[in-house]
K.L.:
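Just passing along the structure, written as structure tokens.
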Amino acid sequence: VITPVFSGANVVFWVASRGHHADIGGATPGSMPPFSKSLSEEGAQIVGFKLVERGEFQETGIREILAKSRNLGDNLNDLQAQVAANNMGIKLLRELIDESSLETVQKYMLHIQDNAEASVR
């Protein structure tokens, strides 16, 4: 789940949370059946879906996408937890920006990215 962080009308950061959903409606319970020949056999395929629109969790739409899940309630709860985690990330980023300035936080973020890149070369 990825969420933009705005400053005025501009996106200045993205926050993200990654989750492993135990079942998304694949051919067998769990994920990635070893005999899969196509992605559709592994379960729901989500190609760009706005999970939150105007502050509202889009439960109807995600229910349709995950309709074959064996544990839809768990999937919905997990996605709502990911949205909550992203909202906390946005709150904390905004606090950091208020404390240090947008320019300073952006410079530190670039330094972190540069350091990560250098570490894997």
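FYI, the numbering just counts along the sequence from 1.
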K.L.:
Looking only at non-hydrogen atoms, find the nearest pair between I65 and A44 and report the distance.
P.N.:
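Minimum heavy-atom separation between I65 and A44: O-CB, 3.5 Å.
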K.L.:
Any idea which heavy atoms bring N86 and V1 closest together, and the distance?
P.N.:
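Shortest heavy-atom separation between N86 and V1 comes out as ND2-O, 3.1 Å.
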K.L.:
S69 side chain to N71 main-chain N or O, any donor-acceptor pair under 3.5 Å?
P.N.:
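Answer holds: yes.
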K.L.:
For atom CD of E53, is the number of surrounding heavy atoms from other residues, nucleotides or ligands below 6.0 Å larger than 12?
P.N.:
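Check passes, neighbour count above 12.
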K.L.:
Measuring from S101:OG to K107:NZ, what's the distance to the nearest 0.5 Å?
P.N.:
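Here the interatomic distance stands at 8.0 Å.
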K.L.:
Can you tell me how far apart CG (L66) and CG (L79) are? Round to the nearest 0.5 Å.
P.N.:
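Here the interatomic distance stands at 6.5 Å.
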K.L.:
Tell me the closest heavy-atom pair linking E42 and I24, and the distance in Å.
P.N.:
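Taking E42 first and I24 second, the nearest heavy atoms are O-CG1, 3.7 Å.
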K.L.:
Under the side chain to side chain contact (heavy atoms under 4.5 Å, CB included) rule, collect the residues that match up with F6, sequence neighbours excluded.
P.N.:
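Side chain to side chain contact (heavy atoms under 4.5 Å, CB included) check on F6 returns P4, V11.
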K.L.:
Please report, to 0.1 Å, the donor-acceptor pairs under 3.5 Å made by any side chain of residues 112-121, with sequence neighbours excluded.
P.N.:
{"unit_1": "E117", "atom_1": "OE2", "unit_2": "R121", "atom_2": "NE", "d": "3.2"}
{"unit_1": "E117", "atom_1": "OE2", "unit_2": "R121", "atom_2": "NH2", "d": "2.2"}
{"unit_1": "S119", "atom_1": "OG", "unit_2": "N115", "atom_2": "O", "d": "2.8"}

K.L.:
How many angstroms lie between atom CG of L92 and atom CD1 of I97, to the nearest 0.5 angstrom?
P.N.:
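If I round to the nearest 0.5 Å, the distance is 11.0 Å.
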K.L.:
To the nearest 0.5 Å, tell me how far D98 CG sits from L93 CG.
P.N.:
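D98 atom CG to L93 atom CG measures 10.5 Å (nearest 0.5 Å).
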K.L.:
What pairs with E95 under salt bridge (charged side-chain N to carboxylate O under 4.0 Å, His left out), at least two apart in sequence or on another chain?
P.N.:
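Salt bridge (charged side-chain N to carboxylate O under 4.0 Å, His left out) check on E95 returns K91.
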K.L.:
Could you tell me whether the side chain of D23 and the main chain of R70 form a donor-acceptor pair under 3.5 Å?
P.N.:
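Checking the backbone N and O of R70 against the side chain of D23, a donor-acceptor pair under 3.5 Å is found.
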K.L.:
Rounded at 0.5 Å granularity, tell me how far CZ in F13 sits from OG in S7.
P.N.:
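Rounded to the nearest 0.5 Å, the CZ-OG separation comes out at 9.5 Å.
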K.L.:
Using the rule that two of Ile, Leu, Val, Met, Phe, Trp, Tyr join whenever any of their side-chain heavy atoms come within less than 4.5 Å, decide whether I2 and L51 are in one cluster.
P.N.:
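Shared cluster, no.
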K.L.:
Heavy atoms, side chains only, cut-off 4.5 Å: are Q80 and V83 in contact?
P.N.:
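The answer is no; the side chains never approach within 4.5 Å.
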K.L.:
Is it true that, when you exclude F57 itself, more than 12 heavy atoms of the residues, nucleotides or ligands shown sit nearer than 6.0 Å to its CZ?
P.N.:
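Above 12, so yes.
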K.L.:
Test of understanding: clusters of I, L, V, M, F, W, Y form through side-chain heavy atoms closer than 4.5 Å, transitively. Do W14 and V52 belong to the same one?
P.N.:
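Each belongs to a different hydrophobic cluster.
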K.L.:
Do you see a donor-acceptor pair shorter than 3.5 Å between the side chains of H21 and Q82?
P.N.:
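Result is yes, a qualifying pair exists.
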K.L.:
Hey, what do you get for CE (M109) to CG (L96), rounding to the nearest 0.5 Å?
P.N.:
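Nearest 0.5 Å value for the CE-CG distance: 6.5 Å.
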K.L.:
Is there a side-chain contact between I62 and I46 (heavy atoms, below 4.5 Å)?
P.N.:
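Side chain of I62 against side chain of I46, heavy atoms only: contact under 4.5 Å found.
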